[in-house]
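The figures here come from the full heavy-atom set of this structure, side chains too, leaving out hydrogens, waters and symmetry mates.
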Amino acid sequence: MTTPSAGTITSPASPPPTEQPANEGLTGRLRSRLQQFLAFASLIVIFAVFAIASPNFLTYGNVTAILFSTVVIGTLALGTTFVIITGGIDLSLGTGMALCAVMSGVFIVNMDLPLGVGVLGAILFGGLLGFVNGVNIAILKIPPFIATLAMMLVAQGLALVVSHSAPIYFNDTPGYFAISTGNLIPGVQFPNAVLILAVLAVISGILLNKTILGRYTYSIGSNEEATSLSGISVRKWKIIVYTLAGLFIGMAGVLISARLGSAQPATGAGYELQAIAAVVIGGTSLAGGKGSIVGTIIGALIISVLNNGLQIMSIPQEWQNVILGCVILVAVYADMLRKRES
Amino acid sequence: MTTPSAGTITSPASPPPTEQPANEGLTGRLRSRLQQFLAFASLIVIFAVFAIASPNFLTYGNVTAILFSTVVIGTLALGTTFVIITGGIDLSLGTGMALCAVMSGVFIVNMDLPLGVGVLGAILFGGLLGFVNGVNIAILKIPPFIATLAMMLVAQGLALVVSHSAPIYFNDTPGYFAISTGNLIPGVQFPNAVLILAVLAVISGILLNKTILGRYTYSIGSNEEATSLSGISVRKWKIIVYTLAGLFIGMAGVLISARLGSAQPATGAGYELQAIAAVVIGGTSLAGGKGSIVGTIIGALIISVLNNGLQIMSIPQEWQNVILGCVILVAVYADMLRKRES
Amino acid sequence: ACNSSSGGTSTASGGGDKPYIAIVSKGFQHQFWQAVKKGAEEEAAKQGARITFEGPATEADVEAQVTMLTNALAKKPAAIGFAALDSKAAAPLLQQAKSAKIPVIAFDSGVDSDIPVTTASTDNKAAAAEAAKHMSDLLGGKGKVALVVHDQTSRSGIDRRDGFLEWMKANAPGITVLPPQYGGGDQAKSADITKSIIAANPDIAGIYGSNEGSAIGVIKGVEESGKKGIKIVGFDSGKAQIDAIKNGTMAGAITQNPIGIGQQLVIAAMKAIKGENQPKVIDTGFYWYDKTNIDKPEIAAVLYQ
Amino acid sequence: MDVAQVPSQRGVPLLRAEGVSKSFPGVRALSDVHLDLRHNEVLGLVGENGAGKSTLMKLLSGIYTADEGEFYLNGERLEVTGPKQAQELGISIIHQEFNLMPDLTVAQNIFIGREPRSGRFFLNERGLNARAMELIERLQLSLDPTRTVASLTVAKQQMVEIAKALSYDAKVLIMDEPTAALNETEVAALHDLIRRFKRPDTGAIYISHRMDELKAITDRVTVLRDGQYVGTVDTARTTMKEVISLMVGRTIVGDAKPEGVREEREVLLEVRGLSTKALLKDVSFDLRKGEILGFAGLMGAGRTEVARAIVGADKVDSGTITLRGERVSIRNPADAAKHRIGYLSEDRKQFGLLLEQDVNANIALSSLRDLFSSFGFMRDKTMRARSRQSVSALRIKTPSIHQTAKNLSGGNQQKVVIAKWLLRDCDILIFDEPTRGIDVGAKEEIYRLLNELAQQGKSIIMISSELPEILRMSHRIVVMSEGRITGMLSAEEATQESVMHYATLRPDENPADAAELGLDEIETPHPQTAEKAGER
Ligand SMILES: Nc1ncnc2c1ncn2[C@@H]1O[C@H](COP(=O)(O)OP(=O)(O)OP(=O)(O)O)[C@@H](O)[C@H]1O
Ligand SMILES: Nc1ncnc2c1ncn2[C@@H]1O[C@H](COP(=O)(O)OP(=O)(O)OP(=O)(O)O)[C@@H](O)[C@H]1O
Ligand SMILES: [Mg+2]
Ligand SMILES: [Mg+2]
């Protein structure tokens with residue numbers, strides 16, 4: 001869309017004037033910290049409500065279960081946070097994850113490669129998917145929505161083709177399960193997958209805030225044209241960002257198949273909306289330029305806490321979605337009010 | 001030193017730089033017409049390929065079938081074209097449609113209202129859903145992605161609640177079926193639903209191109225802030241646009257339930273991505289400000305022609321998605337190349 | 001009649017006076033599962049039990065089901081009813097249930113494990129074979145047959161496809177079976193697929209739909225194509241299929257006994273809670289129904305509208 | 001190196017353009033233009049709006065490629081393939097439109113692509129801020145390196161651009177209307193910077209429509225007209241009148257002046273005690289029928305905020321607005337428009353234009369309902385006819401009314417925005433920096449129009465940072481400082497000095513501090529530029 005020769009127009013379609021970075025300086029910095037902390041507020045309120053409403057909610061087992069159920073969406077959401085900050089979108093998350101899970105099965109079960117190699121292969125395969133997305137978007141200039149929608153369809157088909165439409169079971173590689181459900185911390189019943197998500201979140205945070213990759217991610221989303229005019233290869237960095245998101249897709253594929261003990265070729269559709277929702281609930285703007293890893297994790301947690309809590313409270317299933325929708329609305333609205341006030 | 005009030009200066013006269021009827025004007029207009037016509041090209045190529053590949057493709061019955069299968073997605077896509085041109089998005093299309101279908105059932109079957117009243121009721125109910133979306137987005141300033149995602153969940157749940165999780169059958173109202181499958185044109189086997197889609201497309205085209213609603217739709221998508229400062233009530237028009245999209249959701253609900261003879265509360269999820277894809281393939285930009293009804297109809301046709309053609313050619317189904325994805329990519333890429341050239 | 005009944009609002013404890021049975025099914029929104037739910041609720045009311053009934057949105061959503069099972073366990077139920085989308089995926093959770101001494105009753109399809117106290121299920125493959133047999137009879141053993149299947153990876157989809165295909169291969173040399181097409185159980189999509197099949201194969205003689213949504217889609221597709229004389233064989237029940245059979249559009253269908261499955265499930269669970277002995281397998285059976293027997297009481301009893 | 005080819009008394013010019021042509025669809029922006037920039041000089045580049053100045057500079061910095069022609073740097077043939085390469089060659093440009101990342105901080109913007117790193121991949125944020133601080137101090141700008149650019153005023157954003165351009169070790173510095181958003185003090189500071197930049201091995205090109213600035217800073221001035229080279233003159237040996245006549249090639253009647261003050265005229269708008277959370281304190285004034293009320297003040301004095309508050313674009317904390325004797329509550333610009341109040345924003349890119357739409361759509365936007373539709377349907381023909389009228393009345397240089405707004409030159413874009421408000425029949429028009437980026441000839445045109453409007457009985461608030469303009473056009477002048485009205489002058493008593501006196505008055509502190517004002521104005525958040533960086 002924006003070739004360097006396209007003129008020098010700065011502001012794109014004029015984003016609505018929301019968010020005002022308040023009086024900055026020290027107090028400002030402090031306040032904005034506080035504000036980010038306040039973003040927890042919705043999460044904490046929801047959490048508290050459930051804890052009061054049901055004695056089964058605030059148990060060690062259930063809290064672990066909530067965290068565990070956040071892992072896959074969380075992993076996908078981390079990668080796509082980068083994509084969304086550049087102003088892009090990735091719809092191939094869900095079915096791409098299924099394809100990576102299948103590839104993991106192909107490597108480990110069908111081809112009998114060592115566990116580590118197979119896992120690495122699946123993750124790199126995810127990177128390849130992301131790379132293809134990146135090339136389509138950055139070089140061929142296909143709008144991200146279309147490019148990744150096409151990839152979503154392709155991955156969905158390929159997962160079935162490669163697996164011959166049947167799940168691949170990891171029965172003979174017990175180590176594979178351990179990736180997700182094992183307990184690395186001795187003596188404590190705490191699933192590895194949650195630790196992995198935590199590590200991935202920290203790495204993502206470092207990448208986004210402390211490296212040039214992160215800087216250019218924000219920069220591209222903020223003003224792609226200007227970034228390009230500043231001599232930065234927007235193409236290259238976009239490809240890197242989508243590839244990175246692809247690596248996260250690969251990891252999500254490994255994590256979900258390790259959790260289930262099998263690679264399910266037909267899953268995945270629908271995960272993309274959930275992952276994007278987590279990112280956006282976490283305050284990242286689809287218009288690009290703004291967002292944070294902390295926000296994304298909070299967003300993912302809000303979704304899984306709500307799902308869990310409503311189930312724990314035995315709310316009839318047809319009402320669960322109604323309530324889920326309303327609570328998301330209220331949570332985001334409250335968050336926006338808070339931001340507007342300050 | 002000279003101030004801007006430089007006084008009177010005389011110098012060799014040169015004609016005032018008024019409008020230069022350069023290359024634009026007639027030829028320019030013609031060229032852009034041609035370009036829009038060329039957007040058909042991908043569709044025509046795809047169509048031709050199938051027609052050559054399979055003798056069963058280009059039959060009256062099959063072409064009607066293709067058109068018929070475009071109706072629901074097409075109707076949803078028409079409404080959401082407006083939304084997307086304003087720079088918004090509507091994820092509540094699919095499940096909203098299911099809810100409207102259920103409401104139609106409630107009105108006509110459960111409450112025994114006259115057919116026309118029931119149909120109108122269902123359409124207006126869709127308008128109400130859209131109105132709520134509009135208020136959430138325009139007044140409460142919730143990002144469209146979140147607001148309509150929440151509505152998607154709420155509608156999904158409500159459809160089940162209202163219908164008591166069971167389909168509602170229109171068996172006692174044969175007239176209802178006729179809305180979709182009847183043949184208004186005497187003697188010709190041509191389903192009404194296709195005619196309805198055509199009429200809706202024409203109405204949408206007029207609304208978008210010939211009325212102030214259309215102008216404001218483009219303006220808001222181009223630059224919301226500037227539109228507002230031009231003395232236009234952006235809030236009001238946004239609400240109108242989402243309400244309009246809601247009316248189309250309602251009509252889609254009527255059309256799908258008339259086709260099936262029943263309101264299926266559990267359908268709908270996934271239709272939103274297809275409808276949005278049709279719009280975007282048709283050249284409407286998710287960034288807002290650009291788009292056309294013709295493009296949307298072409299986009300919807302590309303999808304249904306591909307689906308139909310691949311099935312007619314008996315391509316194994318797991319490959320169909322792979323090919324679908326690739327063709328969409330190529331079609332959009334070709335279209336972009338063409339646009340860039342001219 | 002769904003959000004009422006025994007689920008109730010006594011949200012909190014797993015204890016209470018009524019025994020609580022958490023049922024995690026393969027689906028929720030589809031009529032088949034709603035019928036199972038109905039059976040379970042009725043039986044629970046009769047036996048004085050409290051149940052919850054949940055299922056993922058699609059039969060591909062294994063992870064969501066596993067999460068639901070996890071959450072069900074957290075509620076410390078007296079028994080669990082479970083229809084596994086992928087039985088291996090749930091193995092650790094079943095183990096957990098066992099350690100917590102919560103009896104598990106499998107239903108719909110078996111679970112690859114000896115943890116469940118009993119399994120109340122139908123043999124989907126045999127049922128599909130029965131459908132194939134009737135199709136072959138209807139066609140006099142020759143002609144072209146197509147399948148519109150609801151899913152290509154779920155157990156029920158695979159069994160109902162393979163059962164049909166295998167029977168045809170073994171017993172009907174005169175019948176050509178086209179490659180199966182998958183419509184996700186969506187009526188409109190299945191109808192469009194059916195029309196494509198008819199367009200591509202003008203000589204098609206019979207079409208089989210593997211669940212309610214697919215079967216209705218086939219009926220709609222055939223109707224819309226205007227083609228006469230195509231034999232349609234379906235699966236499951238529901239008003240639209242029953243009507244189609246009555247008016248002759250559809251030749252007949254296989255039905256399981258979903259209400260019965262729900263009832264059996266709760267009966268078995270109550271027995272397990274009380275520690276009573278019971279058989280490892282409860283066959284809930286399937287039936288072929290067509291114009292001739294649709295009004296018979298024993299058939300009418302297993303059909304849901 | 002082909003020295004013989006370079007005819008210059010002082011030897012090889014630093015930068016040379018020869019026979020450069022460039023066309024866009026429907027527009028021949030440049031034809032056979034040449035230009036010499038010598039060492040150690042500031043070359044002014046002038047021409048009417050759309051003359052091709054920006055295009056020439058974009059060719060030089062590799063954003064466009066020329067259809068014909070060559071560039072030489074120090075006599076060596078220059079092949080500019082892109083902005084990055086231009087930078088590496090020592091050509092640094094400040095574009096007419098901002099090229100900033102609004103979500104990044106000042107320091108991050110300045111050093112984008114050249115961040116100090118620890119290792120290859122990790123950012124050294126502290127080093128970055130230190131380097132930015134160093135640069136900012138060296139350039140004597142008042143910027144906080146850790147602030148996000150979106151929260152800065154347009155003027156400050158301009159300074160970030162300047163700092164960024166100077167942070168490269170540039171040999172050639174190109175500035176495309178760098179002062180359009182700056183006030184006098186800031187302009188002086190910028191000129192200071194340029195003088196310090198000027199060395200025997202460097203040179204600068206300076207584009208501006210402000211003749212006094214050209215006189216002050218340039219050594220020579222090259223004039224373009226309609227994409228063609230007209231001539232180059234020595235600044236010291238010519239008058240600006242001469243330059244203008246070269247530039248416009250026609251007569252400019254520059255004596256438009258409003259009639260004298262008419263105290264007896266009825267008061268149309270009464271603003272009392274207007275305050276906002278962010279800045280405004282107790283702003284009260286009257287606007288009379290047929291009056292041009294000038295608003296003067298330094299950047300950030302709050303003039304824009306007053307305008308936005310009146311039309312309901314920003315939230316008002318307290319205060320009343322009385323229109324034709326009736327109290328009104330205006331909640332948004334649509335309300336304002338209903339009360340026949342129009343606001344032309346100072347930031348055309350962000351708040352004025354639909355960049356992707358054509359000129360026609362832009363001009364018609366405000367009047368769609370009143371003029372160009374019946375029963376909701378567009379009256380396209382009328383609309384096109386009126387747009388064409390506006391285009392020729394304001395001399396908007398465009399191939400047709402169907403040209404996309406973003407393809408117009410900066411000044412012509414501004415005229416489009418003005419045309420939009422002139423079409424809509426408002427009783428009160430608030431023009432915020434209406435002549436920003438507009439050439440001398442067109443300015444006169446706009447002044448004439450403003451006068452006409454006033455004579456028709458319309459009331460006009462004109463916010464401007466160009467004192468001469470305010471002094472010449474206003475019946476009365478309101479002077480603001482730090483969110484308060486500090487002075488109210490009649491046309492007769494107002495002089496540059498008196499206005500500046502009130503403009504630098506600190507309303508609530510001791511007057512001694514006033515001296516420190518200028519660059520160092522106090523900043524408070526403002527919704528206006530909170531989002532993406534606009535343009536001046
Ligand atoms: N990308 C483009 N596409 C089409 N026309 C363009 C484009 N860029 C510039 N033009 C046209 O080229 C001509 C020269 O524009 P340019 O921006 O160089 O003018 P300018 O001298 O900088 O004017 P101003 O003083 O208003 O900034 C104008 O007529 C303009 O409309
Ligand atoms: N676009 C903006 N973004 C953020 N803050 C702004 C913006 N515009 C103004 N401000 C802040 O609000 C205050 C008032 O500025 P305002 O623009 O109203 O003043 P002004 O007198 O119109 O000056 P200018 O000529 O720069 O527009 C200033 O202190 C400034 O810091
Ligand atoms: Mg210019
Ligand atoms: Mg201002």
Considering only heavy atoms, give the residues of residues 86-103 of chain B separated from chain A by less than 4.5 Å, sorted numerically, with 'none' for an empty result.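 Listed by number, the contacting residues are B:Leu91.
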
What pair of heavy atoms forms the shortest contact from [X] to [Y], and how long is it?
| X | Y | result |
| --- | --- | --- |
| B:Trp319 | A:Leu158 | CZ3-CD2, 4.3 Å |
| B:Gly325 | A:Ala150 | O-CB, 3.3 Å |
| A:Ile146 | B:Ile328 | CG2-CG2, 4.0 Å |

Given heavy-atom pairs under 4.5 angstrom as the criterion, report whether the side chain, backbone, both or neither of B:Gln274 touches chain A.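 Looking at B:Gln274, nothing touches chain A.
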
Measure B:Val280 against the heavy atoms of chain A and call it side chain, backbone, both or neither at under 4.5 Å.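 Its backbone and side chain both get close to chain A.
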
Go through the atoms of [X] and report whether side chain, backbone, both or neither lie under 4.5 Å from a heavy atom of chain B.
| X | answer |
| --- | --- |
| A:Leu149 | side chain |
| A:Glu272 | side chain |
| A:Ile323 | neither |
| A:Met152 | side chain |

Member of B:Ile281, B:Leu286, B:Val332 meeting the side-chain contact (heavy atoms from CB on, under 4.5 Å) criterion with A:Pro143: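 For A:Pro143, the side-chain contact (heavy atoms from CB on, under 4.5 Å) test succeeds with only one of B:Ile281, B:Leu286, B:Val332, which is B:Val332.
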
Qualifying residues under side chain to side chain donor-acceptor pair (under 3.5 Å), relative to A:Asn321, sequence neighbours excluded: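 By the side chain to side chain donor-acceptor pair (under 3.5 Å) rule, A:Asn321 matches B:Gln156.
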
